[in-house]
Amino acid sequence: MGAALIRLAMSAGVVTLVIAAGAIVTHLPMLFPSLGPTAYLLFATPLAEPASPRNTVLGHLIGVLAGAAGLAVFGLLHTPPDLTAITWPRAGAAALALALTCGGMAALRLPHPPAGATTLIVALGLLRSPADLAMIMLSVLALTVLGGLLNRARGIRYPLWRIRPATPATTVGAHTDPCPPRQADVGVPDNH
């Protein structure tokens, strides 16, 4: 178990350094807080639906669009952020963005909790220009691709797009405990 945890931590560190290097070289906002919990999902629970590329990319896209909608509705598209003096319009933008993100992910069955942080980053005005929003999505794509490559290199059958639903043939006699075995939880390679 110790080696798997070290690989998990090393994988998260490596992808963060790669994305940070891109930010340093380009001087673009490629590294932002919601990438942290996304990396955790990709490496700690790689076979869980919220960690799939589909949920990761589309969840963050919903968050970006909802954050931009919150800014637009409350007239804040060109207002710089001020986290020390939150105004009612900023609070409204954040509340609307988070409501749209949570509702959108639930309606589309695309759970990816870190997208809730992404929508607040946008709605609070921290990253708000069209170029910033594109950079958020580019960074999410980079993290997803790098995470997939590292997981597959570790022997984990990380999906190319989405987790395949279990079929009745694969669920007969399957583990029904609400807390699944630790192997899937920590990204231990599947040796079957």
Side-chain angles (χ1 to χ4, degrees), residues 11-12 15-16 18-23 26-81 83 89-152 156 158-165:
S11 296
V15 297
T16 301
V18 170
I19 293 171
T26 63
H27 302 287
L28 295 172
M30 297 178 71
L31 191 60
F32 46 90
S34 54
L35 291 181
T38 298
Y40 178 81
L41 286 176
L42 293 179
F43 298 116
T45 60
L47 302 177
E49 184 181 12
S52 72
R54 174 181 178 263
N55 288 45
T56 300
V57 172
L58 296 179
H60 283 284
L61 180 61
I62 291 168
V64 164
L65 296 175
L71 290 174
V73 166
F74 286 90
L76 298 171
L77 285 171
H78 304 292
T79 304
L83 297 180
R90 185 68 73 187
L96 177 61
L98 195 54
L100 291 173
T101 300
C102 292
M105 286 191 301
L108 297 172
R109 294 187 174 114
L110 293 167
H112 186 73
T118 296
T119 205
L120 289 177
I121 289 167
V122 175
L124 292 172
L126 300 171
L127 297 172
R128 67 185 184 285
S129 73
D132 290 343
L133 304 184
M135 192 53 52
I136 289 172
M137 291 311 301
L138 181 64
S139 295
V140 167
L141 284 170
L143 175 60
T144 305
V145 169
L146 291 169
L149 291 173
L150 284 173
N151 277 328
R152 286 183 165 257
I156 297 168
Y158 187 71
L160 295 175
W161 182 239
R162 69 186 301 179
I163 302 294
R164 286 185 247 167

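Scanning both residues, Leu41 and Pro114, for their nearest heavy atoms gives CD1-CD, 3.6 Å. Heavy-atom minimum distance, Ser11 versus Leu150: O-CD1, 3.9 Å. Of all non-hydrogen atoms in Ala115 and Gly59, the two that sit nearest each other are CB-O, 3.1 Å. Between Leu100 and Ala69 the shortest heavy-atom distance is CD1-CB, 4.2 Å.
Legend: residues meeting side-chain contact (heavy atoms from CB on, under 4.5 Å) with Thr16, ordered by chain and number and at least two apart, are Leu31. Every residue meeting the side-chain contact (heavy atoms from CB on, under 4.5 Å) condition with Leu149, not counting sequence neighbours, appears here in chain and number order: Val145. Residues passing the side chain to side chain donor-acceptor pair (under 3.5 Å) test with Ser129 are Asp132, sequence neighbours excluded.
Using a 4.5 Å heavy-atom cutoff, the side chains of Pro113 and Pro37 are not in contact. Side-chain contact between Asn55 and Pro111 is present, with at least one heavy-atom pair separated by less than 4.5 Å. Under the 4.5 Å side-chain criterion, counting only non-hydrogen atoms from C-beta, Leu71 is in contact with Arg90.
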Contacts table for residues 133-144: side-chain donor-acceptor under 3.5 angstrom, sequence neighbours left out:
| unit_1 | atom_1 | unit_2 | atom_2 | d |
| --- | --- | --- | --- | --- |
| Ser139 | OG | Met30 | O | 2.8 |
| Ser139 | OG | Met135 | O | 3.1 |
| Thr144 | OG1 | Val140 | O | 2.7 |

Using residues 117-127 as the side-chain source, report each donor-acceptor pair under 3.5 Å to any protein atom, sequence neighbours left out, with the distance given to one decimal.
| unit_1 | atom_1 | unit_2 | atom_2 | d |
| --- | --- | --- | --- | --- |
| Thr118 | OG1 | Ser34 | OG | 2.5 |
| Thr118 | OG1 | His60 | ND1 | 2.8 |
| Thr119 | OG1 | Gly63 | O | 2.8 |
| Thr119 | OG1 | Gly67 | N | 3.2 |
| Thr119 | OG1 | Thr101 | OG1 | 3.0 |

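Here CZ of Arg162 is found 7.5 Å from CD of Glu49. Values are rounded to the nearest 0.5 Å. Distance CG/Leu47 to CZ/Arg164: 11.0 Å, rounded to 0.5 Å. In this structure, CG on Leu35 lies 5.5 Å from CD1 on Ile19, to the nearest 0.5 angstrom.
Side-chain atoms of Arg54 never come within 3.5 Å of backbone atoms of Pro159 as a donor-acceptor pair (strictly under, hydrogens ignored). Checking side-chain atoms of Tyr158 against main-chain N and O of Ala51 turns up a donor-acceptor pair under 3.5 Å.
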Worked check of side-chain contact (heavy atoms from CB on, under 4.5 Å) between Leu58 and Leu108: CA-CA 10 Å; Leu58 296 179; Leu108 297 172; over 6 Å; no

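For residues 114-148, there are no ring pair (Phe, Tyr, Trp, His ring centres under 6.0 Å) pairs, not counting sequence neighbours.
Side-chain N/O atoms of His112 and Thr38 include a donor and acceptor closer than 3.5 Å.
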